[in-house]
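Encoded as structure tokens, the structure appears first; notes follow it.
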Amino acid sequence: MEWTNDKESRRQYRTLALLGISKWIFLGLIVVIGILVAALTPDEDPLDCSAIKNRELVREVYVTDSIGNGFRLNYVTEKSVTKARYEEICSRPATRDSINKMAELAPQRFGDMLYTDIYDFADFAKCFDPADVQIHNIFVFGRQKKGLYFGENPRIKNWAKHYDPKTEQGILYIKDEDIYCNDSLRRKKYRYYKCYGMHQFADTDEHFSHFSEGERL
């Protein structure tokens, strides 16, 4: 009986000892992991050190043919950045030069741009994207080209008769998700600005009104 009690006591002692040691082993592992993470993590660039980060507009560009028809592009930072990083990106000569090159070559590539498809233009333009910058959206531009999106639509009663430059309602545009979608997965979506319901999207470039006078903003 005494031998059994002695054996049980030793077992309990070993258990308590292991529990005491394991606590220090666990704490030691946390310290070692923290040291390794600190040692292996590269130092953050001072330009990127801020909790406040946003996607910012880099530049608005108008690309037109000789009579003023074409597209308006808004370029933004590819991801959310600090104010300091945003200013650095905007100051890069490569940012300016890449966008200027696109704007210079596009009219040579497409010629008369009145009927140039917005997706064909987007595929060309994105080839010139500067580092850390991408196209946020593309709108049609020019009096004649915008005018293509105002005309009789038998599906809409009292269809919109004219373009309002204050709202730009009804003109064609596409977004970054359309521009940068994988080509093998892309289903072209033609968007009509500030239009609603079944008339806000189309599978083709439709040259008529997509809202009624009653829906005019």
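Because the structure is a prediction, the values reported are computed rather than measured.
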### Query
Do Lys189 and Phe201 meet the cation-pi criteria used here (NZ or CZ under 6.0 Å from the six-membered ring centre, within 45° of the axis)?
yes
### Message
When you measure from the centre of the six-membered ring of Trp159, is the NZ or CZ of Lys157 closer than 6.0 Å and no more than 45° off the axis?
### Response
no
### Task
Please lay out, stage by stage, how Asn100 and Arg59 fare under the test side-chain hydrogen bond (donor to acceptor under 3.5 Å, both in side chains).
CA-CA 11 Å; Asn100 286 350; Arg59 189 172 168 188; 2.6 Å; yes
Mind checking whether [X] and [Y] have ring centres under 6.0 Å apart?
X: Tyr62; Y: Phe71; value: no
X: Phe208; Y: Tyr149; value: no
X: Phe124; Y: Phe110; value: yes

Minimum-distance pair of heavy atoms, taken over all atoms of [X] and [Y]:
X: Gln169; Y: Phe150; answer: O-CZ, 3.2 Å
X: Thr64; Y: Met113; answer: C-SD, 3.9 Å
X: Asn158; Y: Gly214; answer: ND2-N, 4.4 Å
X: Gln134; Y: Glu78; answer: OE1-CG, 3.7 Å

Is there a side-chain contact between [X] and [Y] in this structure, where contact means two heavy atoms from C-beta onward sitting under 4.5 Å apart?
X: Thr95; Y: Val58; answer: yes
X: Ile156; Y: Phe211; answer: no
X: Ile174; Y: Phe139; answer: no
X: Tyr75; Y: His136; answer: no
X: Leu172; Y: Ile118; answer: yes

Ignoring hydrogens and angles, state whether a donor on the side chain of [X] or [Y] is under 3.5 Å from an acceptor on the partner side chain.
X: Asp129; Y: Tyr180; result: yes
X: Gln144; Y: Asn69; result: yes
X: Asp117; Y: Tyr190; result: yes

### Task
Group every Ile, Leu, Val, Met, Phe, Trp and Tyr by side-chain heavy-atom contacts under 4.5 Å, then state whether Leu148 and Phe141 land in the same group.
no
To the nearest 0.5 Å, how far apart are [atom1] in [X] and [atom2] in [Y]?
X: Thr82; Y: Glu56; atom1: OG1; atom2: CD; answer: 9.5 Å
X: Leu217; Y: Glu168; atom1: CG; atom2: CD; answer: 11.5 Å
X: His210; Y: Glu215; atom1: NE2; atom2: CD; answer: 12.0 Å
X: Lys53; Y: Asp48; atom1: NZ; atom2: CG; answer: 5.5 Å
X: Tyr173; Y: Arg191; atom1: OH; atom2: CZ; answer: 5.5 Å
X: His162; Y: Ser209; atom1: NE2; atom2: OG; answer: 10.5 Å

Under 4.0 Å between a side-chain nitrogen and a carboxylate oxygen: does that hold for [X] and [Y]?
X: Asp203; Y: Arg187; answer: yes
X: Arg155; Y: Glu206; answer: yes
X: Arg85; Y: Asp45; answer: yes
X: Asp205; Y: Lys188; answer: no
X: Arg72; Y: Glu60; answer: yes
X: Lys145; Y: Asp65; answer: no

### Task
List the steps, then state whether side-chain contact (heavy atoms from CB on, under 4.5 Å) holds for Val63 with Phe121.
CA-CA 10 Å; Val63 180; Phe121 176 78; 4.0 Å; yes
### Message
Given Asn74, which partner from the list Leu57, Asp176, Ile135 fulfils the side-chain contact (heavy atoms from CB on, under 4.5 Å) test?
### Response
Leu57
